[in-house]
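Structure first, then comments.
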Amino acid sequence: MTQSQPNPEFLRRAIALATQNVLSGAGGPFGALIVCEGKIVSEGVNTVTASNDPTAHGEVNAIRAACKALGAFTLADCELYTSCEPCPMCLAAAHWARIEAVYYGASAADAARAGFDDAFLYEELRKDNAERKLPTTQMLAGEAWASFEAWIASPNKINY
């Protein structure tokens, strides 16, 4: 698909979702929607505190809903409109979903001013594992490779 022209009305909808989410007391100030062929496929808002799920960001919720609605694990012909610049997790999710384009309203700096600062995540990702604040240690590498061997040998795999 060729990237379409950004539609400000879709972004306005994402912003309205974010604001409504805050005013209703349901969650944080983040809203997102997935658009495919000029139509809204799904909408999502931040439900981190409501669902006790730290991955329940608006973008992730919208991606999950779109995949369910379309019956697909990729969104290659879709666009993501989000009220705020995606955090590293949401940006990675957009990449994994193969989203065609991302359009956002507020910047990461705006989010930081409101108390949602993810700059430390970008800094952590640039560091070697041994230098990160969250210890990450590889264990049982040989045993873990068995899962990949099974994948490589499987005639039933669906590549993604």
Side-chain angles (χ1 to χ4, degrees), residues 1-137 158-160:
M1 172 180 164
T2 305
Q3 183 177 334
S4 65
Q5 290 295 316
N7 184 331
E9 291 310 310
F10 291 139
L11 188 53
R12 285 187 181 101
R13 176 65 185 154
I15 294 165
L17 287 169
T19 304
Q20 185 178 20
N21 199 47
V22 172
L23 296 176
S24 72
F30 302 96
L33 46 106
I34 302 294
V35 173
C36 188
E37 297 178 359
K39 294 186 173 106
I40 296 173
V41 175
S42 70
E43 297 180 338
V45 294
N46 179 289
T47 58
V48 169
T49 56
S51 63
N52 293 321
D53 178 355
T55 68
H57 290 198
E59 297 93 335
V60 171
N61 286 338
I63 289 168
R64 289 174 178 159
C67 288
K68 186 174 184 178
L70 296 174
F73 59 84
T74 65
L75 302 172
D77 293 332
C78 300
E79 301 162 331
L80 169 64
Y81 285 81
T82 180
S83 61
C84 186
E85 185 175 358
C87 73
M89 177 184 69
C90 293
L91 185 59
H95 279 285
W96 279 116
R98 294 184 179 83
I99 287 176
E100 193 77 20
V102 176
Y103 303 107
Y104 64 91
S107 69
D110 295 330
R113 281 193 357 238
F116 298 93
D117 192 357
D118 55 13
F120 78 96
L121 289 171
Y122 289 104
E123 293 168 17
E124 284 293 295
L125 291 172
R126 286 187 205 96
K127 296 177 183 176
D128 290 332
N129 284 355
E131 298 171 355
R132 293 181 183 164
K133 291 180 182 172
L134 177 63
T136 54
T137 305
I158 298 173
N159 289 319
Y160 59 95

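Fair warning: this is a prediction, and the values are worked out from it, not measured in the lab. Along the sequence shown, residues carry numbers from 1. Just so it is clear, the values below take in all heavy atoms, side chains as well, and ignore hydrogens, waters and symmetry mates.
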Can you see whether [X] engages [Y] through a side-chain donor-acceptor pair at a distance of less than 3.5 angstrom?
X     : Y      : result
Glu85 : Ser107 : no
Asp53 : Thr47  : no
Arg64 : Thr55  : yes

For [X] and [Y], work out which heavy atoms get closest and say how close.
X     : Y     : answer
Ala94 : Leu80 : CB-CD2, 4.3 Å
Ala56 : Ser51 : CB-OG, 3.6 Å
Ala62 : Ala32 : CB-O, 3.9 Å

Side-chain donor or acceptor of [X] paired with backbone N/O of [Y] under 3.5 Å:
X     : Y     : answer
Asn46 : Gly58 : no
Thr19 : Ala16 : no
Thr82 : Glu59 : no
Asn61 : Val45 : yes
Asp77 : Glu37 : no
Tyr81 : Asn7  : yes

Less than 3.5 Å apart, which donor and acceptor atoms pair up between the side chains of residues 68-76 and the rest of the protein, not counting sequence neighbours?
none

Non-hydrogen side-chain atoms of [X] and [Y] separated by less than 4.5 Å:
X      : Y      : result
Leu17  : Ser83  : no
Val41  : Glu79  : no
Glu100 : Cys78  : no
Ile99  : Ile63  : yes
Pro86  : Val102 : yes
Val60  : Cys90  : yes
Pro88  : Asp118 : yes

Cationic N near anionic O, under 4.0 Å, Glu124 to Lys127:
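Salt bridge present between Glu124 and Lys127.
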First locate atom [atom1] of [X], then atom [atom2] of [Y], and finally report the distance between them rounded to the nearest 0.5 Å.
X     : Y     : atom1 : atom2 : answer
Arg13 : Leu11 : CZ    : CG    : 12.5 Å
Glu9  : Ile40 : CD    : CD1   : 10.0 Å
Ile15 : Gln20 : CD1   : CD    : 13.5 Å

What ring-ring contact (aromatic ring centres under 6.0 Å, His included) pairs are there with at least one residue in residues 106-126, not counting sequence neighbours?
Phe30-Phe116
